[in-house]
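Chain letters run A, B, ... following the sequence lines, proteins first, then strands; residues in each count from 1. Nothing here was measured: the structure is a model prediction, and the numbers come from that model. Just so you know, these numbers use all the heavy atoms, side chains as well, and skip hydrogens, waters and symmetry mates.
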There are 2 protein chains.
Amino acid sequence: MKNLTKRQTEIFNYIKDEIESNGYPPTRSEISKTFGFKSPNAAEDHLKALKKKGVLDLAAGTSRGITLSNQSSGIPVIGLVSAGGPILAEENIEKTIPNNPGILSHGVDFYLKVKGDSMVDVGIFENDLIAINKNIPVKTGSIVVARINDEVTVKTLTKISDSQVILRPENSSYSDINVNPKKDNLVFEGTCVGLLRDFS
Amino acid sequence: MKNLTKRQTEIFNYIKDEIESNGYPPTRSEISKTFGFKSPNAAEDHLKALKKKGVLDLAAGTSRGITLSNQSSGIPVIGLVSAGGPILAEENIEKTIPNNPGILSHGVDFYLKVKGDSMVDVGIFENDLIAINKNIPVKTGSIVVARINDEVTVKTLTKISDSQVILRPENSSYSDINVNPKKDNLVFEGTCVGLLRDFS
DNA sequence: ATAAATACTGTATATAATTACAGTTATGAA
DNA sequence: TTCATAACTGTAATTATATACAGTATTTAT
C-alpha cells in the first residue's frame with residue numbers, strides 16, 4: 001500500500017468491507033456518517049487522496065462509482081523469492097489475483113507458486129499456488145513457509161522447540177531438514193491454508 | 001435458476017456482468033440504455049420481477065442498491081450425486097461458494113467434491129474440490145467428469161472414438177475403464193479446469 | 001374464456017448523490 | 001518561514017437515481 005495515512009487506511013478498509021458485504025460501494029454521506037464527518041466533503045477529500053495514491057478509482061458523475069484498483073484489491077502471487085528482504089517485496093510479486101473471500105476458511109495474505117516436488121505426497125505439485133496466512137501461529141502438523149538463511153521452503157513442521165526445528169518434505173525421496181534456530185536464521189513466513197491449481 | 005424468462009435471464013446476466021466488470025451494479029437507466037428501453041420503468045419492472053423470483057435483492061431508496069442473492073451469485077458444490085437426474089439437481093448441491101472470476105483461466109459451472117483416491121498421482125485427493133466447466137469440449141488428455149450408467153466418476157480421458165472410450169485412473173493400483181458408448185450410457189458432465197483445497 | 005404475468009412506453013417527482021467553492025486547524029518538509 | 005499535505009466544517013447547486021402512476025399489447029397459465 002502506497003504510504004496511506006492511518007485515517008486513509010481506515011477509510012480504505014471501510015470501503016473494501018462495504019463492497020464485500022453489500023455488493024456495492026458506499027456513498028460520500030455513508031462514509032461521513034460512519035466516521036462522524038459533519039460534511040460529505042470530508043469523504044470527498046479522502047476519496048480524492050486515495051485516488052491520488054492509486055488505491056482506488058472514481059467514476060465521475062456516477063453514484064457509488066468507487067472501484068478498488070487492481071493493486072489494492074488483488075492478492076499477490078509470489079514466484080521466486082530473491083534472497084534477503086521481505087517475501088512480499090515488490091520484486092517478488094509475479095502478479096496479483098482477485099481476492100476470493102468465503103472460499104477458504106482462513107484469510108489469505110499471499111499465494112506462493114510451488115517449486116519442485118518435495119510435497120507431492122500431500123498433493124502439492126510444482127506450479128500449484130498455495131494460499132498463505134501470515135498470522136496463524138505455526139504449529140506441528142501444519143504445512144508452513146519457512147525461510148532458512150534467506151532460502152524459502154515449503155514443508156510440514158513436525159517438531160518445534162528452542163533448540164530444534166524439524167521440517168519434513170512430503171516425498172519419500174527427501175530427508176527431514178533439521179534446523180537449530182539458535183545457529184541458523186529461521187523465520188516462518190506463514191501457514192498454508194489452501195491450494196489452488198489451474199488446469200489451462 | 002427459478003424459471004426466469006429469456007428476457008429476465010438476459011437482464012440478470014447483464015447485471016451480473018456489470019458488477020463483475022465495474023465493481024458496482026448498474027442503475028435503472030443504464031439497464032434501459034443497454035437494452036434499448038425508452039423508459040427507466042421497464043428496468044424497474046424487470047428488477048421487481050427478478051426480486052420476486054428471488055435471484056436478487058433491492059435496497060429501497062438506494063442508488064445501485066442491487067445485490068445478487070446467495071443462490072444466484074454462488075457456485076454450487078456437488079457432493080454425492082444421486083443416481084439419475086441432472087448432476088446440478090438441487091438435491092446434489094451441498095452448498096454454494098462465492099464466484100471467483102479471474103482466478104482460474106476458464107469459467108466454473110460447479111465444483112465437485114472428490115471421493116476416493118483414484119486420481120492421487122495427479123495430485124487430486126479425497127475431499128478436494130475440482131472446478132468443472134460444462135461447455136469445454138472434452139478431449140484426450142483432459143481430466144473429465146463422466147457419468148457411466150448413472151455413476152459419476154472423475155478420470156483422465158485417454159481415448160475417445162465412436163466405439164471406445166478409455167478413462168484412466170491416475171493411480172497405479174487401478175486399471176483403465178473401457179466404455180463402449182454404443183452399449184453403455186456415457187455422458188460427459190464437464191472438464192476439470194481447476195482444483196481447490198482448503199486446509200482447515 | 002379470463003385473469004395474471006410479461007414486456008414494455010411515457011411522464012413526473014422526490015430525494016439521493018456528486019462535487020465545487022470557501023474556509024479552519026494542525027503537522028511536517030523545504 | 002513558508003508551503004504542501006492532511007483532515008476536516010459548512011453551504012449549495014447540479015445532476016443522478018429510484019420509483020410511483022397510468023397506460024398498451026402480448027403471452028401464458030387456469
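- Counting to the nearest Å, the C1' atom of dT18(C) and the CZ atom of R64(B) are 12 Å from each other.
- One can place CD of E10(B) at 15 Å from P of dT6(C), the figure rounded to the nearest angstrom.
- Residue L167(A) holds its CG atom at 8.5 Å from CG of D176(A), rounded to the nearest 0.5 Å.
- With hydrogens and angles left out, the side-chain atoms of S200(B) and D198(B) include no donor and acceptor closer than 3.5 Å.
- Residue Q8(B) places none of its side-chain N or O atoms closer than 4.0 Å to OP1 or OP2 of dA5(C).
- A donor-acceptor pair shorter than 3.5 Å cannot be found between the side chains of Q164(A) and N180(A).
- Salt bridge E189(A)/K134(A): absent, no basic N to carboxylate O contact under 4.0 Å.
- Both G65(B) and D45(B) lie near DNA chain D, and the one whose nearest nucleotide falls closer to the 5' end is G65(B).
- A side-chain contact (heavy atoms from CB on, under 4.5 Å) with V165(A) is found for exactly one of D184(A), I160(A), T140(A), namely I160(A).
- In this structure, OH of Y24(B) is placed 14 Å from C1' of dA17(C), rounded to the nearest angstrom.
- Remark: C1' of dT18(C) and NE2 of H46(A) are 17 Å apart, rounded to the nearest angstrom.
- Rounding to whole angstrom units, CZ of residue F35(B) and C1' of dT6(C) are separated by 15 Å.
- Between the C1' atom of dA20(C) and the CD atom of E44(A) lies a distance of 9 Å, rounded to the nearest Å.
- Heavy atoms of R28(A) sit under 4.0 angstrom from at least one base atom.
- The C1' atoms of five pairs define one axis at each end of the helix from dT2(C)-dA29(D) to dA30(C)-dT1(D), and these two axes lie 40° apart (to 10°).
- Heavy-atom distances to DNA chain C give each of K6(B) and N41(A) a nearest nucleotide, and the one nearer the 5′ end belongs to K6(B).
- With S69(A) contributing its side chain and G54(A) its backbone, the two residues share a donor-acceptor pair below 3.5 Å.
- Contact record, S39(B) with S32(B): O-OG, 3.3 Å, taken as the closest heavy-atom pair.
- Protein chain A touches strand DNA chain D; the 5'-most and 3'-most nucleotides with an atom under 4.0 angstrom of its non-hydrogen atoms are dA6(D) to dT17(D).
- A60(B) comes within contact range of the sugar-phosphate backbone alone, with a heavy-atom separation under 4.0 Å but no base atom that close.
- Rounded to whole Å, atom P of dA20(C) lies 12 Å from atom CG of L47(A).
- Between S63(A) and dA16(C) there is no side-chain N or O to OP1 or OP2 distance below 4.0 Å.
- A donor-acceptor contact shorter than 3.5 Å links the side chain of T158(A) to the backbone of I166(A).
- S29(B) comes within 4.0 angstrom of no nucleic acid atom, judged by non-hydrogen atoms across all strands.
- Taking 4.0 angstrom as the limit, R7(B) places a side-chain polar atom (N or O) nearer than this to OP1 or OP2 of dC8(C).
- OP1 or OP2 of dT6(C) has at least one side-chain nitrogen or oxygen of K53(B) nearer than 4.0 Å.
- Between the NZ atom of K48(B) and the C1' atom of dC8(C) there is a distance of 14 Å, given to the nearest Å.
- Once rounded to the nearest 0.5 Å, the distance linking OG1 of T9(A) with NZ of K16(A) reads 10.5 Å.
- For I132(A) against G190(A), the heavy-atom pair with the smallest separation is CG2-CA, 3.7 Å.
- Using a 4.0 Å heavy-atom distance criterion, S39(A) is classed as a base contact.
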